[in-house]
Trainee: 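Below you'll find the structure I mean.
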Amino acid sequence: MTVSNQQAPAYWVVVPAAGVGARMGTDCPKQYLPLLQKTVIEHTLSRLLAIKGLAGVYVALGSQDTHWKQLPIAVHPAIYPVEGAAERAGSVLNALIALSDVAQEDDWVLVHDAARPCITQQDIESLIRCVADHPVGGILGVPVSDTLKNVSDGNILSTIDRSALWQAQTPQMFRVGLLRACLQRALAENKIITDEASALEAFGYKPLMVKGRSSNIKITYPDDLAIAGFLLQQHT
């Protein structure tokens, strides 16, 4: 799918990449771990940059990041680094504030995890197509397939009905102005924000859920690297 630069609104991408990936148990942030001769974030950015006509990609980096400038992709002309924050919501907000200098309020922004390198071009195109006329925006996700248990002190209290539950993924696509305003207000009111959609949900908006693929995994634990490597080899 090609997004025309002549078309209004424009499409931008924000990639929060300031996290340290503590659950990986490594000294190196997970986005910089090696994966099939590249780093995780290089795979992720390469897939995002393949969307023709994107206006630009803003990458939010940690203030003490010493890895980014060593990557060949860091000098790509469509990538703009900005300083991130301690939490994801703050990093995304910083990128949106920087983006406001060049973007229109009604432009679309796709926020994507740096540690989701297996996103497919087809799923990104599906999200853009499905959300383009939606009044709020939307996200990729998959229906929950496993049985869910409510647990306290190691003991199962009950089984949770999963029929209406979905697992949220990224990209998550919203209007630049609306997402920025909701994030600013949510952070000012100390609301719990786990993803971009939750910032909009906090103020009554109802984003669209677009079915993605279970292969769009987020690298969180050491075993995920091997799984991601296998998945990437199937789609190259």
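All values below come from the heavy atoms of this structure, side chains included, with hydrogens, waters and symmetry mates left out.
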Trainee: Do any pairs count as a ring pair (Phe, Tyr, Trp, His ring centres under 6.0 Å) and have a residue in residues 155-210, sequence neighbours left out, and if so which ones?
Mentor: none
Trainee: Determine the minimum heavy-atom distance between L127 and I139, stating which atoms define it.
Mentor: CD1-C, 3.8 Å
Trainee: Applying side-chain hydrogen bond (donor to acceptor under 3.5 Å, both in side chains), name anything that partners E42, two or more places apart in sequence or on another chain.
Mentor: T39
Trainee: Applying a strict under-4.5 Å side-chain criterion to I, L, V, M, F, W and Y, I'd like to know whether V57 and V14 cluster together.
Mentor: no
Trainee: If you look at every heavy atom in L61 and P81, which pair is closest and at what distance?
Mentor: CD1-CB, 3.8 Å
Trainee: I'd like to check F230 versus L36 (side-chain heavy atoms, cut-off strictly below 4.5 Å). Are they in contact?
Mentor: no
Trainee: Any heavy-atom pair between the side chains of L35 and H43 that's under 4.5 Å?
Mentor: yes
Trainee: Is the shortest side-chain heavy-atom distance between R116 and Q169 below 4.5 Å?
Mentor: yes
Trainee: Counting only heavy atoms not in L157, do more than 12 sit closer than 6.0 Å to its CG atom?
Mentor: yes
Trainee: Applying side chain to side chain contact (heavy atoms under 4.5 Å, CB included) to L110 and L48, what does each step give before you reach the verdict?
Mentor: CA-CA 10 Å; L110 291 87; L48 295 169; over 6 Å; no
Trainee: How are the rings of Y11 and W108 set to each other: parallel, tilted or perpendicular (split at 30° and 60°)?
Mentor: parallel
Trainee: If you compare all heavy atoms of D224 against all heavy atoms of K218, which two are closest, and at what distance to 0.1 Å?
Mentor: OD2-O, 3.6 Å
Trainee: Kindly write out the residues that satisfy side chain to side chain contact (heavy atoms under 4.5 Å, CB included) with A114, not counting sequence neighbours, or none if the list is empty.
Mentor: V15, A17, Q31, I41
Trainee: Kindly state each residue pair satisfying side-chain hydrogen bond (donor to acceptor under 3.5 Å, both in side chains) with at least one member in residues 147-156, sequence neighbours excluded.
Mentor: T147-R162, K149-T159
Trainee: Applying side chain to side chain contact (heavy atoms under 4.5 Å, CB included), name anything that partners H134, two or more places apart in sequence or on another chain.
Mentor: V131, V136, L208
Trainee: Assess whether side chain to side chain contact (heavy atoms under 4.5 Å, CB included) is satisfied between T170 and L140, documenting all intermediate values.
Mentor: CA-CA 6 Å; T170 66; L140 286 178; over 6 Å; no
Trainee: Do you know which of V142, L231, I227 makes side chain to side chain contact (heavy atoms under 4.5 Å, CB included) with S215?
Mentor: L231
Trainee: To the nearest 0.5 angstrom, please state how far the CE atom of M209 sits from the SG atom of C130.
Mentor: 12.5 Å
Trainee: If you count the non-hydrogen atoms of other residues, nucleotides and ligands that lie under 6.0 Å from CD in Q184, is the total more than 12?
Mentor: yes
Trainee: Within a strict 4.5 Å, meaning less than it, do heavy atoms of the P143 and L165 side chains meet?
Mentor: no
Trainee: Can you name the nearest heavy-atom pair linking H112 to P171, along with the distance?
Mentor: ND1-N, 3.3 Å
Trainee: Between N216 and T120, does a side chain to side chain contact (heavy atoms under 4.5 Å, CB included) hold up when you go through it step by step?
Mentor: CA-CA 8 Å; N216 184 18; T120 67; over 6 Å; no
Trainee: For Q64, is the CD atom crowded, meaning more than 12 foreign heavy atoms sit under 6.0 Å from it?
Mentor: no
Trainee: Shortest non-hydrogen contact from S46 to K38?
Mentor: OG-NZ, 4.1 Å
Trainee: Please answer: with hydrophobic residues joined when any side-chain heavy atoms are less than 4.5 Å apart, are L99 and V82 in the same cluster?
Mentor: yes
Trainee: Could you report the tightest heavy-atom contact between A115 and K30, atom names first, then the distance?
Mentor: CB-CE, 3.8 Å
Trainee: To the nearest 0.5 Å, tell me how far C28 SG sits from L33 CG.
Mentor: 5.0 Å
Trainee: Rounded to the nearest 0.5 Å, what's the gap from CG on L183 to CD1 on I193? Could you check?
Mentor: 7.0 Å
Trainee: Set out, in order, the CA-CA distance, both residues' side-chain angles and the distance that settles side chain to side chain contact (heavy atoms under 4.5 Å, CB included) for R175 and D107, then state yes or no.
Mentor: CA-CA 6 Å; R175 301 283 185 181; D107 283 353; over 6 Å; no
Trainee: Count the heavy atoms belonging to other residues, nucleotides or ligands that lie under 6.0 Å from CD of Q104, then report whether that count exceeds 12.
Mentor: no
Trainee: Whether the side chain of Q172 engages the backbone of A197 through a donor-acceptor N/O pair (distance < 3.5 Å, no angle test) should be reported.
Mentor: yes
Trainee: Report the C-alpha separation of E125 and R129 in whole Å, then their side-chain angles, then the decisive distance to 0.1 Å, and conclude whether the salt bridge (charged side-chain N to carboxylate O under 4.0 Å, His left out) test is met.
Mentor: CA-CA 6 Å; E125 292 170 359; R129 183 173 58 253; 5.4 Å; no
Trainee: Report yes or no: do D123 and S126 form a side-chain donor-acceptor pair below 3.5 Å?
Mentor: no
Trainee: Any pair with a residue in residues 71-100 that passes side-chain hydrogen bond (donor to acceptor under 3.5 Å, both in side chains), sequence neighbours left out, goes on the list, sorted by first then second residue, please.
Mentor: R88-D113, R88-E196, S100-R180
Trainee: Given the rule that I, L, V, M, F, W and Y join up when any side-chain heavy atoms are under 4.5 Å apart, are L200 and W12 in one cluster?
Mentor: yes
Trainee: Under a 4.5 Å side-chain heavy-atom rule over Ile, Leu, Val, Met, Phe, Trp and Tyr, are L49 and Y58 clustered together?
Mentor: no
Trainee: Please answer: with hydrophobic residues joined when any side-chain heavy atoms are less than 4.5 Å apart, are V13 and L71 in the same cluster?
Mentor: yes
